[in-house]
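What follows is a single structure, written as structure tokens, with notes after it.
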Amino acid sequence: MQEPDIDWQHLPFGYYPTDYNVRCTFRDGKWGEIEVSTSDRIDMHMAATSLHYGQQLFEGLKAFRGKDGKIRIFRLEDNGERLRSSAGGILMEPVPADIFRKMVLMAVKLNERFIPPYGSGASLYIRPLEIGISPSIGVRAASEYLFIIMVTPVGPYFKTGFGCTDICIMRKYDRVAPRGTGRFKVGGNYAASLVAGHHAHELGYSAVLFLDPKEKKYLDECGPANFFAIIDGKYVTPKSDSILPSITNRALMQLAKDLGLEVEERHMTVDDLTRATEAGACGTAAVISPVGKVVDLDNDTTYVISKDGQPGPVCTMLYKKLNAIRNGEEEDIHGWNTIVE
Ligand code: PLP
Ligand code: COI
């Protein structure tokens, strides 16, 4: 197996071509054979529903090379389950659990040489993608779907890595509608967040902390990540129908409980930020991105979360613990890892 010429320590969170992707097509009412492809192109009809009416969904999970040399995929089944939930949300064909699992394992094994070495801080990002491919000019669901799994080695999502980052509140943008598609991982949500994200970046913030789209009262999603805060020693995270149920957040809640912390999933108000001693954005890409301060641009108010500009003790502990489980340094007592044989 030839080692790719990659500087693993300085790998960005970007697209790096790998050897293979795997594909499966739903046609005539059933899923076909799994195919292995070396092409990074898709040949599709210009009237495909994914191109016109946004019938598109994706997932994101990671594989790691452990201390013991074994390859571990984190919470594979949960990502498959969320993919099926997203499919239901925009009337797409759900990919059965066995096909999802088989294709993830194939994509990882076929591209084994791109799995970053243990200790590099990098990982193999697995990106499942499903699109409606049959043509339709009328607004309706496709009858044919293409499901692809591609993989790419990635470094940290934020340039700051596990360092504090500042975020902002801006009420002029919504990512999703109150009873819309926020809890599904569909491309439209990301398109709808681009202007807000760009605006925040221009002002020097790494993400927008969106408020709930109905009342503009409760904290919702933090850019492409969930939000949590440590308040009175408790792990508190927003309960909302318009956020994506983050698998990382769920894992962090479990680890917080394991460490003896109380966990609260509830509506969080902007006022809660005055009592937060730590906060973070969490997701597969970054695990935890600790928050330095939250600036409410509409009210000209700054909530300083980290007084010394450093990640706090709870965030640090949770971050280390989750990484240790994914790298096989710590026992996987919750059965989150799939070991690639
Ligand atoms: N929220 C949004 C909008 C996301 O895109 C992601 C990333 O997947 C998350 C939250 C975090 O979810 P997870 O921890 O499952 O990666
Ligand atoms: C995450 O994995 O946390 C993400 O937000 C992925 C992003 C590239 C959509």
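Whatever order the structure lists ligands and atoms in, that order sets their numbers, starting from 1. Just so you know, these numbers use all the heavy atoms, side chains as well, and skip hydrogens, waters and symmetry mates. Computed from a prediction, not measured in an experiment: that's the story for all the values here.
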Shortest heavy-atom approach to atom 2 (C) of ligand 1 - which of G223, P224, P245, G182 |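 Result: the heavy atom closest to atom 2 (C) of ligand 1 is in P224.
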Closest protein heavy atom to [atom], given as residue, atom name and distance to 0.1 Å:
atom	answer
atom 7 (C) of ligand 2	Y157 OH, 4.2 Å
atom 1 (N) of ligand 1	E221 OE2, 2.9 Å
atom 16 (O) of ligand 1	T284 OG1, 2.5 Å
atom 1 (C) of ligand 2	A285 N, 3.3 Å
atom 15 (O) of ligand 1	R82 NH1, 2.7 Å
atom 9 (C) of ligand 2	Y190 CE2, 3.9 Å
atom 6 (C) of ligand 2	Y125 OH, 3.9 Å

For the pair K321 and D258, find out whether any cationic side-chain nitrogen is under 4.0 Å from an anionic carboxylate oxygen.
->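 Between D258 and K321 there is no salt bridge, as every charged N stays at least 4.0 Å from the carboxylate O atoms.
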Can we say K217 and D212 salt-bridge, meaning some charged N sits less than 4.0 Å from an Asp/Glu carboxylate O?
->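 So K217 does not pair with D212 through a salt bridge.
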Enumerate the atoms of ligand 1 whose separation from the nearest heavy atom of [X] is less than 4.0 angstrom.
X	result
I247	13 (P), 14 (O), 15 (O)
Y190	2 (C), 3 (C), 4 (C), 5 (O)
N226	1 (N), 10 (C)

Under 4.0 Å from any heavy atom of [X], which atoms of ligand 2 are there?
X	answer
P224	3 (O), 4 (C), 5 (O)
T284	1 (C), 2 (O), 3 (O)
G283	3 (O)
F13	8 (C)

Does ligand 1 have any atom sitting under 4.0 Å from a heavy atom of R250?
->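 Contact absent.
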Sub-4.0 Å heavy-atom contact, K185 with ligand 1 =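 Within the 4.0 Å threshold, so yes.
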With only distance considered, is F58 within less than 3.5 Å of ligand 2 through an N or O on each side?
->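 No; every N/O pair is 3.5 Å or more apart.
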Any N or O of R175 closer than 3.5 Å to N or O of ligand 1 =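 For ligand 1, there is no N or O atom that lies under 3.5 Å from one belonging to R175.
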Polar contact flag for T248 and ligand 1 (N/O pairs, less than 3.5 Å) =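 Min N/O separation from ligand 1 is below 3.5 Å for T248.
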Is a side-chain donor-acceptor pair under 3.5 Å present for [Y] with [X]?
X	Y	value
K185	Y190	yes
Q55	T49	yes
Y173	R175	no
R23	N21	yes
S240	S242	yes

Looking at [Y], is its backbone amide N or carbonyl O close enough to the side chain of [X] to form a donor-acceptor pair, meaning the two atoms are under 3.5 Å apart?
X	Y	answer
H267	K239	yes
D232	K234	no
D272	T269	yes

Residue pair P290 / P311: nearest heavy atoms and the distance that separates them =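 Looking at all heavy atoms of both residues, the shortest contact is CG-CB, 3.8 Å.
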Closest approach of F100 to I149 (non-hydrogen atoms, all atoms of both residues) =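 So the minimum-distance heavy-atom pair works out to O-CD1, 4.2 Å.
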Aromatic ring centroids of F147 and F26 under 6.0 Å?
->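 No, the ring centres sit 6.0 Å or more apart.
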Heavy-atom distances under 4.0 Å are what count here, so tell me which part of S246 touches ligand 1: side chain, backbone, both or neither.
->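 Both parts.
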